[in-house]
Every structure is written in C-alpha cells, then in structure tokens.
Engineer: 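Below you will find the structure I want to go over with you.
Because the structure is a prediction, the values reported are computed rather than measured. By convention in this document, chain letters (A, B, ...) are assigned in the order of the sequence lines, proteins followed by strands, and residues within each chain are numbered from 1. Below, each value reflects all heavy atoms present in this structure, side chains not excepted, and no hydrogens, waters or symmetry copies.
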Amino acid sequence: MPEIVRAAFKFSLQQAWVAKANGDGTYGPAIQFPSAKTLSLDLEMISDTAEGNSRHTGLAAQIVGVGWQMDGVNLSEEIVGILTGETPSSSNSGPDQVDTQTTTNDLMPYIGLVAQAWGENGDDTCILIPYTKVMKGFSYKLDYGKYITPAFKGDGIDEPNLGFMMQRKDHATKVTQPQFPPAWA
Amino acid sequence: MTYEDQIVTYLNTNVPLKAIATGGILNYPETGRKGLARLLTPGAFTETDGMLKPTVMVLGTKEVADQQIIDPRSGYNSTVTPIFIWVYDKGTTKDEYTNIVAICDLLYGLLAYQQLPNMFQILYETTVKNKREKALKEAAFYMVKYNVYGSRKFA
C-alpha cells in the first residue's frame with residue numbers, strides 16, 4: 001500500500017529530466033536524460049570557527065549553493081542543447097539527414113534538474129534543483145569497445161522566483177514523471 | 001508471500017503470457033521433488049505424446065544481504081534475491097524456440113524495472129539461450145535471470 005515511511009530508504013535513480021530555466025519560476029520543455037545512472041549532490045557551504053582560550057568556541061556554517069554531477073549514457077543532442085545552449089540543426093531527411101551541433105564559446109544557460117528515486121512501499125522521493133548551470137565540466141570520451149558516457153557537473157543557486165536552490169518532495173504514491181514548476185507538486 | 005510467489009501470481013494475471021505459456025506459469029516448489037514431471041505437473045505436458053508445452057518455471061534462490069543498508073536495531077537489511085525463470089518448449093525442429101522467445105520478450109516487459117509490493121525493484125540480469133534439457137526429452141529452454149532488490153526487517 002503506498003505510504004510515506006519517513007525513516008524509509010529510497011532506491012536507484014529511476015529517472016532524471018532537464019529543462020531550460022526561464023528565471024521566472026517557469027521552464028521550457030522537459031527532456032529526459034537517456035539512461036542516467038548517477039546524480040551526485042553536494043551541498044556547498046561557507047564556514048568559520050571561533051577560537052579562544054586554546055579551544056574552538058563557536059562554529060558557523062551556511063549552505064551557499066548545491067553542486068551536482070550527472071553521469072548518463074548517450075550524447076543526446078537535445079540534452080546537450082539544453083545544457084550548453086548549443087541548439088542542434090538538421091538538414092535533409094531520411095538516409096541523407098544530417099544533424100549538426102556546434103560548440104563555440106557561448107555562455108552556459110540556466111537549467112533546472114529533477115530526479116526520482118523509489119521507496120519500497122509504492123512511494124518515491126523527487127529532488128528538484130531549479131536554477132543551475134553546467135559550471136565545472138562537460139566531459140566524455142570515445143573509447144574502443146565502450147559507450148560514450150558523458151558527465152556533466154554544475155552548481156545551483158536560489159531560483160529568483162521560487163526562492164530555493166533545492167527542494168525534495170516525498171510522495172506516498174510515486175509519480176509517473178516528476179514535473180518542473182509550476183506543476184512541481 | 002515470497003518474491004517468487006509474488007512474481008508467479010503477477011505473471012499469471014497476464015493474458016497474452018498465459019495464452020502462449022499453455023503449460024503453465026509455475027513456482028518451482030509446487031512442481032514437487034523432481035521438478036517438472038508428467039505425474040505431478042501433468043498440465044505442462046501434452047497428453048498424446050508426453051512432450052512439454054510452453055511452460056514457465058520460476059525459482060527464487062539465495063537471498064543475499066547486499067550490505068547497502070543495515071540497521072541492527074530494526075533488523076533492517078537490504079537484500080538481493082536472484083529469480084531464475086526457465087522457459088521451456090518441446091523444441092522440435094518445427095517449433096524450435098519461437099514460443100520461448102515470445103515468452104521471454106513478454107517476461108521482460110512485465111518484470112524489468114518493475115516494482116511489486118514490498119520490494120524496491122526488479123532488475124534484469126541475463127538470458128541464457130538455446131539450451132536443451134536432457135531430463136525432459138531434450139526440451140528446448142532459455143533461462144532468464146532477474147534480481148529482486150528488497151529488504152528484511154524484524155517483524
């Protein structure tokens with residue numbers, strides 16, 4: 001029976017989606033990461049320690065951003081287009097069709113990320129990083145006998161309209177597809 | 001209910017699968033000490049010639065604590081349970097593996113990445129293809145393996 005069991009564990013990256021962030025709490029069309037395997041999250045902090053009388057006397061720490069890394073299979077043109085702003089173009093059709101995606105020194109756009117893990121009671125956990133950019137890397141290699149598996153790394157900050165940098169929702173009944181705001185619920 | 005019981009019950013609700021698996025979708029323990037045999041599982045065999053019908057047999061083995069999640073206080077252990085599914089057919093020159101392949105394709109759609117109650121997920125691992133079972137008059141079979149990611153805890 002679906003339910004939220006608050007101490008329960010969640011399993012596996014079930015699905016992850018990306019969309020262009022418009023900066024006003026709305027997003028472009030969501031595209032699913034094909035076969036995403038790992039989404040790593042890292043809350044970034046600033047901190048300070050007070051000292052006196054030969055000991056630490058105070059601690060302060062504050063979350064200032066959220067770092068993330070996505071490892072997925074396939075150089076999807078749509079995904080790369082959203083993450084980098086490099087929109088692919090297409091010419092001809094059928095067997096003569098050619099898709100072209102050109103990388104220049106463009107500025108990275110703001111994007112949103114959403115991902116889902118499952119509980120064992122028909123429930124789920126969804127994570128939304130609403131306002132982020134690929135900041136630290138977009139890497140892949142062409143390797144003999146191996147699939148091309150790109151990795152993307154970025155940072156997220158508070159979305160100007162939504163007012164948060166990351167939000168988690170647990171659903172008693174797992175959702176078919178986590179949505180971006182304003183449908184994020 | 002064990003994971004294999006759940007899977008057998010679930011597979012038996014699928015009409016297209018049951019239409020091809022005319023010999024039945026069985027849990028291994030219910031087939032008796034010697035597995036598929038004409039005396040104990042007559043529904044799996046054709047009466048006229050004693051050959052196997054397309055039959056699915058599910059076996060759950062060796063549940064393992066995978067050490068990903070542990071909690072001695074509640075007794076919680078995350079586990080992985082391999083589920084082996086043998087898909088048999090008589091495998092004569094005419095029929096070969098046609099029904100077996102069709103059944104395995106249906107099984108994949110029904111089981112891979114799915115979640116039944118009280119488990120995290122069923123993940124596909126492998127298919128061993130184009131085999132013959134000497135003990136069943138050289139019946140053709142595939143053996144498919146899935147893993148059930150689940151848990152145990154104190155009652």
Side-chain angles (χ1 to χ4, degrees), chain A residues 1-18 30-42 69-74 76 79 113-127 145-147 149 168-179, chain B residues 1-11 13-14 58 60 62-83 105 107-127 145-155:
Chain A
M1 175 174 170
E3 59 178 351
I4 295 176
V5 179
R6 287 183 177 81
F9 302 100
K10 300 298 190 293
F11 181 74
S12 198
L13 175 58
Q14 299 296 336
Q15 52 181 316
W17 296 72
V18 64
I31 305 293
Q32 186 177 6
F33 281 96
S35 181
K37 286 185 73 176
T38 308
L39 172 61
S40 305
L41 299 172
D42 181 18
Q69 178 170 339
M70 176 72 71
D71 297 305
V73 177
N74 203 359
S76 159
I79 295 285
L113 296 173
V114 70
Q116 181 194 47
W118 286 355
E120 61 183 329
N121 300 298
D123 55 325
D124 75 3
T125 290
C126 295
I127 304 278
K146 300 277 195 311
Y147 298 100
T149 55
R168 161 189 170 171
K169 285 195 184 283
D170 287 10
H171 303 102
T173 303
K174 63 179 187 257
V175 298
T176 307
Q177 177 191 329
Q179 301 291 324
Chain B
M1 195 185 258
T2 63
Y3 294 135
E4 52 270 31
D5 285 337
Q6 275 186 271
I7 287 171
V8 168
T9 302
Y10 166 64
L11 293 178
T13 64
N14 186 265
V58 178
K62 201 179 176 189
E63 181 184 12
V64 174
D66 66 1
Q67 310 290 333
Q68 287 199 65
I69 305 167
I70 54 110
D71 180 12
R73 198 151 171 245
S74 67
Y76 196 98
N77 257 307
S78 58
T79 62
V80 183
T81 303
I83 301 290
D105 288 346
L107 287 176
Y108 186 84
L110 290 167
L111 294 176
Y113 298 116
Q114 301 306 311
Q115 181 183 47
L116 297 178
N118 301 311
M119 65 171 67
F120 287 104
Q121 199 163 26
I122 303 170
L123 297 181
Y124 168 74
E125 183 177 313
T126 188
T127 301
K145 185 181 176 194
Y146 293 86
N147 293 304
V148 173
Y149 288 80
S151 67
R152 276 193 178 269
K153 60 185 177 203
F154 297 142

Engineer: Which pair of non-hydrogen atoms, one from A/F11 and one from B/Q121, has the smallest distance, and what is that distance?
Structural biologist: CE2-OE1, 3.4 Å
Engineer: So, taking the atom named CD in A/E120 and the one named OH in B/Y149, what distance separates them when rounded to the nearest 0.5 Å?
Structural biologist: 14.5 Å
Engineer: Can you tell me if B/Q115 uses its side chain to pair, donor with acceptor, with the backbone of A/G119 under 3.5 Å?
Structural biologist: yes
Engineer: Sort B/Y76 into side chain, backbone, both or neither according to what part of it lies under 4.5 angstrom from a heavy atom of chain A.
Structural biologist: side chain
Engineer: Under a 4.5 Å heavy-atom cut-off, does chain A meet the side chain of B/S151, its backbone, both or neither?
Structural biologist: both
Engineer: Is B/F120 close to chain A through its backbone or its side chain, or both, or neither, when contacts mean heavy atoms under 4.5 Å?
Structural biologist: both
Engineer: With a cut-off of 6.0 Å (strictly less than), are more than 12 heavy atoms of other residues, nucleotides or ligands near CD1 of B/I70?
Structural biologist: no
